[in-house]
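Contents: one structure, followed by commentary.
Chain identifiers are assigned alphabetically (A, B, ...) following the order of the sequence lines, protein sequences preceding nucleic acid strands; residue numbering begins at 1 within each chain.
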There are 2 protein chains.
Amino acid sequence: MVVKRRLGTESARNRQLLVEAAERLMVEEGAAAITSRKVAEKAGLKMQLVYYYFHTMDDLIVEVMREHAAKRLKGFVRALAAKDPFKALWEMNRDRSSANFNTELLALANQRERVRAELVTRACEFRALQIEAVDRLLAERGVDREQVPAGAIVTIIGALTRAMAQDRAYGVDDGYDEAVALVHKALEWLAAKEATSQQ
Amino acid sequence: MVVKRRLGTESARNRQLLVEAAERLMVEEGAAAITSRKVAEKAGLKMQLVYYYFHTMDDLIVEVMREHAAKRLKGFVRALAAKDPFKALWEMNRDRSSANFNTELLALANQRERVRAELVTRACEFRALQIEAVDRLLAERGVDREQVPAGAIVTIIGALTRAMAQDRAYGVDDGYDEAVALVHKALEWLAAKEATSQQ
DNA sequence: GTCTATACTTCGATAGAC
DNA sequence: GTCTATCGAAGTATAGAC
């Protein structure tokens, strides 16, 4: 396992085709559909090329995760620059294909140790970024972050959007409008309470 | 596919062994580990017996889901009878193995139509029960259910517990204590606000 | 009800020619 | 870099003897 004989070539055209095919399979048919044969077929290539560019299927999947995380990060930066960053963050988090992607990753992570490790790394990294950004937003709006910590908001929004995306994937989205309305209301009231209690 | 020739026997000892083995595999090794060979091995039986008691693997899995749902329902009724039903509901929802079980089901549902159908049926059924129960609890406490609808609370608690269980499964539980504290605080304030605004 | 034996499929991965 | 050819493991499912 340690010594690998075959070549892996970086930044070649076919390699990129394979990664993109795998990413599409993940969203469209689920992680279970990412097999060497299906990925190659979707990319219009021969199955053996998968093993030319990646030593194992794990390597392919980890690469897909990296590229997906990079895209997500760009979207995050864009959201922060929007007029209403909270809304933009919310919308971004509830993006369907991205959330679907994450659901599949959760399943994969239960079977593949390397996927689990990569998932944890990316999740913590992204979470830290989100907390930092939300904390700054709260400070700008004069909210007491001891009463309403950024970590809590990020966690609640993340949980709601993730659960909603999962439920929608099999055709259920009851309750989320109500829940979101309640969260908004609660955040407003909390902010107002803090504002008045400081005066 | 429609006509099935072989026999399936109800309520036999080995059948129950197989269902229990499958359920343990689901929690311990993930849904992907539920194969005819592994289930039989875990049950100490021959692989072919799986196909004697269940026409297909889908049938086995659906049976596992049914028995799991039945257990869950019993736990729910028990939680409602507790001194602090809200807390009991929360604790029940965050039960690890049950939540883990659900995470695996989500993945399976993306691949197997019958699992998806069964999952939706059980989820809606359970959700309706929870809403009914929470609504009654809110009424007893004099909370205005127009401002704080039971559906929203059930959704938020469900999303938080599900996300927390998923994250914990791969070793992350940052933020949930904060989030839960904020939810508790928000619920209290909402209730208080309603109480005063009614007077 | 349970066993032996087996058909068929798909998977990950590799060897070696070109 | 890409192809033909191939292995061995594991999966679902069935036939038929006992």
Side-chain angles (χ1 to χ4, degrees), chain A residues 1-22 25-26 28-64 104 107-108 110-115, chain B residues 1-22 25-26 28-64 104 107-108 110-115:
Chain A
M1 284 296 178
V2 183
V3 187
K4 279 292 180 177
R5 314 125 263 215
R6 282 168 299 103
L7 307 177
T9 311
E10 69 292 350
S11 60
R13 181 174 158 276
N14 281 349
R15 186 189 145 103
Q16 191 57 30
L17 284 178
L18 290 170
V19 173
E20 286 167 9
L25 274 176
M26 179 90 93
E28 295 166 13
E29 300 184 37
I34 301 187
T35 69
S36 52
R37 287 167 171 86
K38 285 183 186 165
V39 168
E41 189 193 15
K42 191 129 192 158
L45 300 170
K46 295 282 179 179
M47 175 254 286
Q48 294 85 339
L49 282 189
V50 173
Y51 296 102
Y52 175 69
Y53 289 106
F54 305 92
H55 285 151
T56 66
M57 291 305 291
D58 274 14
D59 288 315
L60 208 201
I61 291 171
V62 168
E63 182 60 29
V64 169
E104 291 299 327
L108 259 192
N110 279 337
Q111 302 159 37
R112 297 168 188 264
E113 169 55 25
R114 295 206 23 225
V115 171
Chain B
M1 282 296 178
V2 183
V3 187
K4 281 290 182 179
R5 316 125 259 222
R6 279 169 300 105
L7 309 177
T9 312
E10 69 292 349
S11 61
R13 183 175 157 274
N14 281 349
R15 186 189 146 104
Q16 192 56 30
L17 284 178
L18 289 170
V19 172
E20 285 166 10
L25 275 175
M26 178 91 95
E28 294 166 15
E29 301 182 40
I34 302 188
T35 68
S36 50
R37 284 173 167 86
K38 285 182 185 164
V39 169
E41 188 194 15
K42 191 128 194 157
L45 300 170
K46 296 282 178 180
M47 174 254 286
Q48 293 86 338
L49 280 191
V50 173
Y51 296 100
Y52 175 69
Y53 289 107
F54 305 92
H55 286 152
T56 67
M57 291 305 291
D58 274 15
D59 288 315
L60 208 201
I61 291 170
V62 168
E63 183 59 31
V64 171
E104 292 299 327
L108 260 192
N110 279 338
Q111 302 157 36
R112 296 168 188 264
E113 168 56 25
R114 293 206 23 222
V115 172

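- The distance from atom CZ of B/Phe54 to atom P of D/dT14 is 15 Å, rounded to the nearest whole Å.
- Partners of A/Ala40 under the side-chain contact (heavy atoms from CB on, under 4.5 Å) rule, at least two apart in sequence or in another chain, are A/Met47, A/Val50.
- The interatomic distance linking B/Leu17 (CG) with C/dG1 (C1') rounds to 14 Å, in whole Å.
- Under the rule for a side-chain contact (heavy atoms from CB on, under 4.5 Å), the partners of A/Thr35 that lie at least two apart in sequence or sit in another chain are A/Arg37, A/Lys38.
- Take B/Asn14 and apply the side-chain hydrogen bond (donor to acceptor under 3.5 Å, both in side chains) test, not counting sequence neighbours, and it matches no residue.
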How does each nucleotide of nucleotides 2-7 of chain C score, in 5' to 3' order, for protein heavy atoms under 4.0 Å: base (B), sugar-phosphate only (S), or none (-)? BSBB--
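- Checked against salt bridge (charged side-chain N to carboxylate O under 4.0 Å, His left out), A/Glu104 has no partners two or more places apart in sequence or in another chain.
- The salt bridge (charged side-chain N to carboxylate O under 4.0 Å, His left out) test applied to B/Glu29 returns no partner, not counting sequence neighbours.
- B/Glu28 pairs by the side-chain contact (heavy atoms from CB on, under 4.5 Å) definition with B/Arg24, B/Lys42, not counting sequence neighbours.
- Comparing the axis of the opening five pairs of the helix from C/dG1-D/dC18 to C/dC18-D/dG1 with that of the closing five pairs yields an angle of 0°, rounded to 10°.
- B/Arg114 meets the salt bridge (charged side-chain N to carboxylate O under 4.0 Å, His left out) test with B/Asp59; sequence neighbours excluded.
- Applying the 4.0 Å criterion to OP1 and OP2 of C/dG12, one finds that A/Ser36 has a side-chain N or O inside that range.
- With rounding to whole Å, B/Glu29 atom CD is found 13 Å from D/dA10 atom P.
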